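Keep in mind it's a predicted model, so treat the numbers as computed, not measured.
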Amino acid sequence: GGRFTHNFDSAKPNRLTLGFDLQGQNDSRRNFANCNDSPPLSAPTASCPVLGAERGTLTLDQRELVSGLGAYVNDEIRVTDGFRVSGGLRADNVKFEVRDRLIGGTNSDDSGERTLHAVTPYVGVVTRIGNDRSIYANISSAFETPTATELGNHPDGSAGINQQLAPQKSTTYEVGSKGGLGRALSYDAALFNTRVRDELAPYEIPGSSGRRYFRNAGRTNRRGAELGMQVDAGPILVNGAYSYSDFRFARFVTDSGVFDGKRIPGIPIHRAQASATILRGSFFGVLEGEAAASTFVNDANTARAPAYQVVHLRGGVRRAFGSSGASLVAGIQNLFNRAYSPSLSVNAARGKYFEPAVGRTAFVGLTLGFAAQ
């Protein structure tokens with residue numbers, strides 16, 4: 001990639017930026033039948049010829065090539081000392097190519113290519129309120145292509161590129177404020193509304209052995225708020241963040257039903273994180289906590305992951321042995337040994353939604369540093 005920036009000193013000073021990005025990816029993908037099922041097979045099959053083997057016959061063998069070119073321009077104009085306007089434009093062109101290497105017999109040549117492109121503009125304003133506070137407003141658009149994996153996994157098991165899966169496009173409206181209240185407190189608060197077209201939604205199908213597929217979810221609305229704060233009280237530093245996420249399907253119909261108005265699964269409505277750090281000379285201690293509300297795990301909103309709260313603790317000493325470069329740290333993750341699932345497999349087949357975290361875990365680490373003479 002490359003970027004060029006120039007500052008214009010005029011009646012309305014502005015900063016102009018031009019740039020581009022080049023990306024390339026070359027993958028060799030091979031899929032095999034999953035023979036590690038329960039109950040175990042009692043007799044060999046065409047896809048699982050060896051009893052007890054997890055890997056069965058080869059079902060897909062292809063080379064996947066992805067190339068992308070993006071170019072952008074943006075300009076920031078200082079209208080007055082306390083008021084700035086910015087705007088920009090980005091153009092992206094992404095090409096996917098598949099070269100099928102499993103050809104012969106009943107396997108036809110599924111080689112092919114597909115090009116996805118879009119132009120995404122944005123505009124924003126920011127104005128200063130006093131010496132240490134500002135408010136801002138932005139309207140921005142975004143373009144997200146499916147990944148090579150998302151385009152390569154077909155529900156019917158075929159190879160090649162999924163020609164029906166569309167890129168995800170969105171428009172976001174955001175207002176917010178950031179700054180400080182005195183020297184001890186700083187904050188960043190924002191409200192946003194994002195409208196997404198063709199959102200990429202994951203799902204599984206029975207008999208897919210856990211393989212994930214993707215489809216477009218028509219339209220979705222993502223409304224929410226975010227708040228971050230930091231308090232610096234001498235030897236104690238406190239950080240906190242909270243997010244409210246009212247994310248729903250506006251229009252989404254599949255063979256399984258109509259999900260208009262349902263909440264997008266996998267995203268809790270409320271999530272909070274906080275930490276407190278104590279510094280005393282070379283010693284430090286950190287207490288961290290996070291909490292999340294219960295979360296739907298499927299598009300129909302018929303199953304939930306329970307809410308959770310978890311606490312972590314760590315501490316240590318820098319320059320543990322005088323002025324040497326040694327540092328010592330020790331801690332406990334999941335201090336109260338909570339059972340919770342921070343990661344979820346949305347729309348998993350057979351109800352396997354939950355990916356539980358480990359229980360209480362202790363660790364200790366020593367870092368040694370040596371200065372060259």
Side-chain angles (χ1 to χ4, degrees), residues 132-138 170 172-194 196 199 202 220-249 262-279 284-298 301 303-316 329 331-346 353-363:
D132 54 0
R133 292 188 296 276
S134 63
I135 59 175
Y136 61 90
N138 300 314
S170 63
T172 298
Y173 306 86
E174 180 184 19
V175 295
S177 177
K178 61 177 60 178
L181 301 175
R183 295 184 176 181
L185 175 65
S186 59
Y187 70 91
D188 189 345
L191 300 172
F192 64 89
N193 183 4
T194 300
V196 185
E199 178 157 338
T220 61
N221 289 331
R222 295 170 172 258
R223 289 184 283 264
E226 297 176 341
L227 174 64
M229 300 187 71
Q230 177 175 296
V231 179
D232 188 349
I236 301 177
L237 180 65
V238 179
N239 287 280
Y242 165 77
S243 63
Y244 169 77
S245 305
D246 182 14
F247 297 174
R248 296 178 181 269
F249 296 115
K262 299 293 186 180
R263 293 191 182 276
I264 299 175
I267 304 170
I269 302 175
H270 306 283
R271 182 190 293 273
Q273 296 176 305
S275 67
T277 302
I278 300 177
L279 302 173
F284 68 92
V286 182
L287 183 67
E288 299 173 313
E290 59 179 291
S294 63
T295 309
F296 289 114
V297 294
N298 58 3
N301 290 180
R304 285 178 179 264
Y308 68 85
Q309 305 82 38
V310 63
V311 176
H312 313 296
L313 177 66
R314 71 178 186 274
V329 62
I332 301 176
Q333 297 290 105
N334 194 357
L335 181 62
F336 300 109
N337 201 30
R338 300 294 191 189
Y340 69 105
S341 293
S343 179
L344 301 171
S345 183
V346 172
Y353 306 112
F354 309 105
E355 300 176 2
V358 297
R360 183 186 297 115
T361 305
F363 67 90

If you look at every heavy atom in [X] and [Y], which pair is closest and at what distance?
X: V175; Y: A137; result: CG1-CB, 3.9 Å
X: L335; Y: R360; result: O-NE, 2.9 Å
X: L287; Y: L313; result: CD1-CD1, 4.0 Å
X: S245; Y: I267; result: CB-CG2, 4.0 Å
X: R304; Y: F354; result: O-CZ, 3.7 Å
X: P268; Y: A293; result: CB-O, 3.6 Å

Quick one, F363 with R314, criterion side chain to side chain contact (heavy atoms under 4.5 Å, CB included). Give me CA distance, side-chain angles, the key distance, then yes/no. CA-CA 9 Å; F363 67 90; R314 71 178 186 274; 4.2 Å; yes
To the closest 0.5 Å, what do you measure between [atom1] ([X]) and [atom2] ([Y])?
X: K262; Y: N301; atom1: NZ; atom2: CG; result: 5.5 Å
X: T295; Y: R271; atom1: OG1; atom2: CZ; result: 7.0 Å
X: Y187; Y: L181; atom1: OH; atom2: CG; result: 6.0 Å
X: D232; Y: R183; atom1: CG; atom2: CZ; result: 11.5 Å
X: E290; Y: H312; atom1: CD; atom2: NE2; result: 4.5 Å
X: E226; Y: Y244; atom1: CD; atom2: OH; result: 13.5 Å

One pair to check against side chain to side chain contact (heavy atoms under 4.5 Å, CB included): M229 and V231. What are the steps and the verdict? CA-CA 7 Å; M229 300 187 71; V231 179; 5.6 Å; no
Checking side-chain polar atoms at under 3.5 Å, does E355 have a donor or acceptor matched by the opposite partner on S343?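 E355 vs S343: donor-acceptor pair found between side chains.
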Y308-S341 side chain donor-acceptor pair, cut-off 3.5 Å: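 Checked: Y308/S341 side chains show no N/O donor-acceptor pair below 3.5 Å.
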Within the distance-only criterion (no hydrogens, no angle test), does the side chain of T361 pair as donor or acceptor with the backbone N or O of G359 below 3.5 angstrom?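 Flag set: sc T361 to bb G359 pair under 3.5 Å.
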So, the side chain of S186 versus the backbone of G179: is there a donor-acceptor pair under 3.5 Å, distance only?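 The answer is no, because no donor-acceptor pair under 3.5 Å joins these two groups.
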Passes side chain to side chain contact (heavy atoms under 4.5 Å, CB included), L191 versus R223? Steps please. CA-CA 8 Å; L191 300 172; R223 289 184 283 264; over 6 Å; no
Can you find a heavy atom in the side chain of [X] that is under 4.5 Å from one in the side chain of [Y]?
X: R222; Y: V196; answer: yes
X: R263; Y: D246; answer: yes
X: Y136; Y: E174; answer: yes
X: P265; Y: N298; answer: no
X: N138; Y: F192; answer: no

Parallel, tilted or perpendicular, judged at 30° and 60°: which one describes the rings of H270 and Y242?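 Plane angle under 30°, so parallel.
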I'd like to know whether E199 forms a side chain to side chain contact (heavy atoms under 4.5 Å, CB included) with F249, so could you lay out the CA-CA distance, the side-chain angles of the two residues, the decisive distance to 0.1 Å, and finally the verdict. CA-CA 9 Å; E199 178 157 338; F249 296 115; 5.7 Å; no
